[in-house]
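Please read the structure below before turning to the comments.
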Number of protein chains: 2
Amino acid sequence: MMNIPTSNRPRVVIIGGGFGGLALAKKLKNKNFQVVLLDKHNYHTFQPLLYQVATGGLESGSIAYPIRKVVQGFEEIYFRLANVQRIDTVNKKVVADIGTIFYDYVVIATGSKTNFFGNEAIKTNSMAMKTIPQSLNIRSLVLENFESALLTTEDTEQRALMNFVIVGAGPTGVELAGALAEMKKQVLPKDYPDLDLSKMEINVIQGAGKVLDAMSDNSSKKAQEFLEKLGVNVWLNEIVTDYDGKVVTTKSGKTFTAETVIWTAGVMGAVVDGFDSTVIQRGNRIKVNEYNQVEGFTDIFAIGDVATMMTEKTPMGHPMMAQPAIQQGQLLANNLSNLRDGKPLKAFVYNDKGSMATIGRNKAVVDLPKFKFSGFFAWFVWMFVHLMSLIGFRNKLVVFWNWLYNYLMFDRQARLIVRPFKRKTEESFKDHNED
Amino acid sequence: MMNIPTSNRPRVVIIGGGFGGLALAKKLKNKNFQVVLLDKHNYHTFQPLLYQVATGGLESGSIAYPIRKVVQGFEEIYFRLANVQRIDTVNKKVVADIGTIFYDYVVIATGSKTNFFGNEAIKTNSMAMKTIPQSLNIRSLVLENFESALLTTEDTEQRALMNFVIVGAGPTGVELAGALAEMKKQVLPKDYPDLDLSKMEINVIQGAGKVLDAMSDNSSKKAQEFLEKLGVNVWLNEIVTDYDGKVVTTKSGKTFTAETVIWTAGVMGAVVDGFDSTVIQRGNRIKVNEYNQVEGFTDIFAIGDVATMMTEKTPMGHPMMAQPAIQQGQLLANNLSNLRDGKPLKAFVYNDKGSMATIGRNKAVVDLPKFKFSGFFAWFVWMFVHLMSLIGFRNKLVVFWNWLYNYLMFDRQARLIVRPFKRKTEESFKDHNED
């Protein structure tokens, strides 16, 4: 039972407290709706920095923010910790593990999840990195690998334990590879003086012909240069077809013997059940019109990664990043008011603020709509933008302080195996990738 | 295989990286030993602040410190992540899950674990709080309880979810009760405006006739006063005999209906196998002489909580706290040198620096050997001593900053259910208390 009081205000149910869902909830603050916000976690995750949690640069708490704190003091808002199962569009209710709830308007803001493209072997043996628990698992596994590498003198085994294969060279893959390369240079030699770290390899395998596929050619080239300077092996035009827990195989026949494979090669919409297959488009995203209304409905909306708004300018939908989600969430708050009040709706226009990625110390690439640059200044801009995007003064300060410390001390303090990841058990991988 | 190189230096194997083991390892730095340090975690835990992790005041990373970082740059020291199973005293080797290792000297510094006094029902259903994973589990469970309490209108069920029973009123129990009481006053009303928090209860059940049994009568009285002022129910002279997961029963027949029981009522030495039962004394502690040599051996030592040194002044051994462990570890480093060099050993004399406990904002009690005080100044002293005792500049600063933030903002930011604790499953409780 959800136990939400009745109200004379119309009820908006928001499914998901990510960038889009929270932007919407905040904008609905004084708009005379009853808002019910559902999420399977009690915190918002700042996903762009997950790779730093995975590599011990940040504590999980500094990129997570309690959702209840975001909406503290709002009138008639109810947060519930819930796993939503489906939307009953006929009876206008949302069905979750904790009960059902009627809606006047419902907004699907469930984001995206890792796409293994149906390859069960890869899903069973590799690690996704989309959530905080997943990042903590990767951190534990990486550190456990080094502890295990110490216990053997067998060269092949040692190399497999110290071979980190990252599949996918989007921002997540590139940033993770850079962070691992810096650990290799700066942190691990001090921690493992009796280990031959020249045996450690970081292999990034990319299906496309360049890294950071969605960025400018110049930024892609620069990013690859940065990675290679840090000792990362970049493999382009290689499609990973199998990983049995021991050996990665690509379509062209290349193999990599590695105990750790981190899969950042694809995402797909985390849709909820209840819609015809015609509504679900490429990438498992829900087809919406320019007001984010799900095709065929006026009271059901989808925003952010899980939605695809196919316009002339964006035939494949908007990029699956924070900005479109935030902008759609903000506009939708106004459109919900307009809809209730019988006023005309405003069509969504994406304001592309650009994209960026950091590869390591003093190294980043930035594509602004009219200006592209890389290097130290780009790295500085990257840090500033990410800091400012974090929710809350405390998290901004904690992250800033950690970055300063890590930069000055060449350190990553959070290298703690707080909850060991039980490698080699199918159960643990299953739990990991279902998270 | 432990894979430790041979050396012409004598080998000291230290089992445990707690206060005692680390103090010893640090003092052995330039003493021409080969040191092998074993621990089941790759970090040192600052146990006195675990209750703050459990109540969301601190991140786990700020009270944990990577053991490898402590010993960075030391000559001939080898840390291994290992679960030690037993000591083979005949063949002079330590047997662990990762292999065996020969020793010239071995030091047992394994600390203590929770003592359920053989009560399986209590062990199965209640929560111990001796490690970081356990504190994180408690944090998750407490927050999950409030989320669940929101979903019911049944009064009895709601009260059970919001009834926190703490068994034992030593420093851990008292400090945890105080922190929960402050959450009730300061944090929870903002997070759960639609929950009637007057239904939340904190019950502390103490077997002895006063709280903080080991402290002065004055401090005990003051601490109880502080607790009661914060709304905590203190029950003295009550022995808990059963908890079936629903109802706590005491010897005198009192019952408490509660979903959460935190067990801080006893600790026992975390001994390793390999010794006669005559060596194991009251509280499962290993009998040592004034040089910390285990009875019957000259090359096997025990220090800290796991050791009991029964002298005229300490017929029951030293208190199970950080200070005796640290002081014994430091002295033992010199005694190991002396032993190797054929010099006489120095007997241990405990320098009692006093004890203290904090109950909440501006409230603490301090017993110094010659001076006892309580209130704001005691609270200030408590904070200063704990800050200075943390390892590393970074942790000191992070904890200081968090305390300042929590104090000024009446907040506990780390209220994140990062890895949900699966309540009501036997497996999870078993894992929890075995940790």
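Within every chain, numbering begins at 1; the chains are lettered A, B, ... in the order of the sequence lines, protein sequences first and strands thereafter.
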Find out whether [X] and [Y] are in side-chain contact, i.e. whether some heavy atom of one side chain is under 4.5 Å from a heavy atom of the other.
{"X": "B/Arg394", "Y": "A/Asn402", "value": "yes"}
{"X": "A/Ile98", "Y": "B/Glu147", "value": "no"}
{"X": "A/Val398", "Y": "B/Trp401", "value": "yes"}
{"X": "B/Leu416", "Y": "A/Ile132", "value": "no"}
{"X": "B/Gln72", "Y": "A/Asp191", "value": "yes"}

So with a 6.0 Å cut-off around [atom1] of [X], is the heavy-atom count from everything else above 12?
{"X": "B/Lys130", "atom1": "NZ", "result": "yes"}
{"X": "B/Lys185", "atom1": "NZ", "result": "no"}
{"X": "B/Phe400", "atom1": "CZ", "result": "no"}
{"X": "A/Glu75", "atom1": "CD", "result": "no"}
{"X": "B/Tyr405", "atom1": "OH", "result": "yes"}

Contact summary for A/Asn42 and B/Arg415, nearest pair of heavy atoms: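 Between these two residues, the closest heavy atoms are ND2-O, 3.1 Å.
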
Taking every non-hydrogen atom, the tightest pair across A/Lys69 and B/Asp411: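 Looking at all heavy atoms of both residues, the closest pair is NZ-OD2, 2.8 Å.
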
Considering only heavy atoms, which portion of [X] lies under 4.5 Å from any heavy atom of chain A: side chain, backbone, both, or neither?
{"X": "B/Thr152", "result": "backbone"}
{"X": "B/Phe79", "result": "both"}
{"X": "B/Gln413", "result": "both"}
{"X": "B/Pro193", "result": "neither"}

Segment of A/Tyr65 engaging chain B (4.5 angstrom heavy-atom cut-off):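 Contact with chain B: backbone and side chain both.
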
Among the listed options B/Leu397, B/Ile4, B/Leu143, B/Val71, the residue most often paired with chain A at heavy-atom distances under 4.5 Å: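 Top option by heavy-atom pairs under 4.5 Å: B/Leu397.
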
Most chain B-contacting option - heavy-atom pairs closer than 4.5 Å, from A/Leu136, A/Val418, A/Thr45, A/Leu150: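 When all of A/Leu136, A/Val418, A/Thr45, A/Leu150 are compared, A/Leu150 has the most.
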
Donor-acceptor contact below 3.5 Å, side chain B/Asp194 vs main chain A/Asn3: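 Absent.
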
